Colleague: 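Questions regarding the structure given below will be posed in turn.
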Amino acid sequence: MKSLAELAELRQKSLDKMNMRNTDTRERIVVGMATCGIAAGARPVMNTFVEEVNKRHLGDVSVGMTGCMGMCALEPMVDVYDADGTKTTYIHMTPEKAKRVVAEHIVNGQPVEEFTITAKDQNNA
Amino acid sequence: MTDLSLHLMDIMQNSAVVGSTYIEVGIKAEKKKNLLTLYVKDDGWGMDEETVRKVSDPFYTTRTTRKAGLGIPLLRMSAEMAGGGISIESEPGRGTTVTAVYEIDNIDRKPLGDVGETMAISIMGNPELEYHLLLSNDDEEYVFRTEDVRKQIGDLPINDTVIIGYLKEMISEQVNRIFGGILNEIIS
Ligand SMILES: Nc1ncnc2c1ncn2[C@@H]1O[C@H](COP(=O)(O)OP(=O)(O)OP(=O)(O)O)[C@@H](O)[C@H]1O
Ligand code: FES
Ligand SMILES: [Mg+2]
């Protein structure tokens, strides 16, 4: 059984990893977590981002949540802010798509165009 | 919402945006009474009586991006469908408790779902809040508190992905332990 006591060891592991990171500002991943987002599957999407960031040792990439993103029909929605502040909005996200966003956008710096919001989506939403 | 843990996530998010410092979540399965009780309690700014009355009605909201609030009406529908109901206790400046009750063996009761993920992701998104989780069945209980986690991890932020992943697994194990015998009935 997992227990609180083990957390102290994990803490050390995590701190060691942190020392190996560079201190450049990295991406911020923000998942919409209002009722529509949750009903559409935002929680497992956010969980996948957390797992992928962990697996790939991207601890300096932040994963957070926000409330309503204003377009219910496009949920789950995710905004990725690059270090320079550029925002990419992904719509209809799934755990599988989240993995690709981490691999292609976060790791390789190439936004996954096919998942991003278009002007047409915005008008229809 | 396809399961109860998603309703919890949603009601917990209400509590996270009303100036709370802590959020307590309870899940109590009383098999002898055939009752499953869920509650979310916070110490946020609360609601006056009039507001409490209105939020129980479908579609009241103070949000500006959409005309109708959905979270509480959806919770109410899910409970009423399963032979139960909801109640809201709130006091301005003191906090709010939202409680939902279900008949365990009702065929329309939604499955419990992934409570570990609900807790872990809520903590991830609101690392400044303290979360308590109380699980109980007819004979046993389990209490989880983020304060105890912070004591173990010291200066490491609680929203570190290593810690969040561990908490998700740890809480899931306890959910299985406490509800294990009746889990198949709760997770139908
Ligand atoms: N814990 C709480 N403390 C204080 N006020 C609350 C709390 N929970 C709900 N409310 C009030 O009740 C309203 C309705 O809540 P409900 O969850 O049904 O909808 P919403 O949060 O406004 O929108 P949605 O859940 O659809 O994203 C909220 O807008 C808020 O004013
Ligand atoms: S109300 Fe649906 S996304 Fe905000
Ligand atoms: Mg709500």
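Keep in mind that what you see is a predicted model, and the values were worked out from it rather than measured. Letters A, B, ... are given to chains in the order of the sequence lines, protein chains preceding strands, and every chain is numbered from 1.
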Colleague: Check whether more than 12 heavy atoms from other residues, nucleotides or ligands sit under 6.0 Å from atom CD of B:E49, and answer yes or no.
Modeller: no

Colleague: Give a yes or no on whether B:L134 and B:F144 share a hydrophobic cluster (residues Ile, Leu, Val, Met, Phe, Trp, Tyr; joining criterion: side-chain heavy atoms under 4.5 Å apart).
Modeller: no

Colleague: Would B:Y39 end up clustered with B:I11 when hydrophobic side chains under 4.5 Å apart are linked, directly or stepwise?
Modeller: no

Colleague: With a 4.5 angstrom heavy-atom cut-off, which part of B:N126 approaches chain A: side chain, backbone, both or neither?
Modeller: side chain

Colleague: Please flag which part of B:I171 lies under 4.5 Å from any non-hydrogen atom of chain A: side chain, backbone, both or neither.
Modeller: neither

Colleague: Kindly work out whether a path of hydrophobic side-chain contacts (I/L/V/M/F/W/Y, heavy atoms less than 4.5 Å apart) joins B:V101 to B:L6.
Modeller: no

Colleague: Test of understanding: clusters of I, L, V, M, F, W, Y form through side-chain heavy atoms closer than 4.5 Å, transitively. Do B:L8 and B:Y142 belong to the same one?
Modeller: yes

Colleague: Can you find a pair of side-chain heavy atoms, one from B:M170 and one from A:L4, that are under 4.5 Å apart?
Modeller: yes

Colleague: For the backbone of A:K2 and the side chain of B:E169, can you confirm whether one donor and one acceptor N or O come within less than 3.5 Å of each other?
Modeller: no

Colleague: Hey, quick one: are B:L133 and B:L129 part of the same hydrophobic cluster, counting side-chain heavy atoms closer than 4.5 Å, chains of contacts allowed?
Modeller: yes

Colleague: Looking at every heavy atom in both A:R43 and B:S5, which two are closest together, and how far apart are they?
Modeller: NH1-OG, 2.9 Å

Colleague: Can you check side chain to side chain contact (heavy atoms under 4.5 Å, CB included) on A:L58 and B:T161, steps first, answer last?
Modeller: CA-CA 9 Å; A:L58 302 166; B:T161 55; over 6 Å; no

Colleague: Side chain, backbone, both or neither: which part of B:L167 has a heavy atom under 4.5 Å from chain A?
Modeller: side chain

Colleague: What residue in A:N47, A:V31, A:V30 has the most heavy-atom pairs under 4.5 Å with chain B?
Modeller: A:N47

Colleague: Could you tell me the separation between the OG1 atom of A:T35 and the CG atom of B:D10, rounded to the nearest 0.5 Å?
Modeller: 3.0 Å

Colleague: Check whether any side-chain heavy atom of B:K168 sits under 4.5 Å from a side-chain heavy atom of A:V50, and report yes or no.
Modeller: no

Colleague: Under a 4.5 Å heavy-atom cutoff, which of B:E173, B:Q174, B:M9 has the most pairs with chain A?
Modeller: B:E173

Colleague: Would one find more than 12 heavy atoms of other residues, nucleotides or ligands at under 6.0 Å from atom CZ of B:R94?
Modeller: no

Colleague: Which heavy atom of A:V63 sits nearest to which heavy atom of B:M124, and what is that distance?
Modeller: O-CE, 3.4 Å

Colleague: Do any N or O atoms from the side chain of B:Y166 and from the backbone of A:S3 form a donor-acceptor pair under 3.5 angstrom?
Modeller: yes

Colleague: Quick one: pull up CD1 in A:I38 and CD1 in B:I121 and give me the separation to the nearest 0.5 Å.
Modeller: 11.5 Å

Colleague: Walk me through whether A:L7 and B:K151 qualify under side chain to side chain contact (heavy atoms under 4.5 Å, CB included).
Modeller: CA-CA 10 Å; A:L7 284 169; B:K151 269 187 217 140; over 6 Å; no

Colleague: Kindly determine whether A:E6 and B:Q152 satisfy side chain to side chain contact (heavy atoms under 4.5 Å, CB included), including the steps that lead there.
Modeller: CA-CA 8 Å; A:E6 229 176 292; B:Q152 297 290 327; over 6 Å; no

Colleague: Please determine, among B:T118, B:N159, B:V17, the option with the most heavy-atom pairs under 4.5 Å with chain A.
Modeller: B:T118

Colleague: Can you tell me how far apart CG (B:D155) and CG (A:L15) are? Round to the nearest 0.5 Å.
Modeller: 6.0 Å

Colleague: Please rank A:M1, A:K55, A:E9, A:M33 by heavy-atom pairs under 4.5 Å with chain B and give me the top one.
Modeller: A:M1

Colleague: Would one find more than 12 heavy atoms of other residues, nucleotides or ligands at under 6.0 Å from atom NZ of A:K97?
Modeller: yes

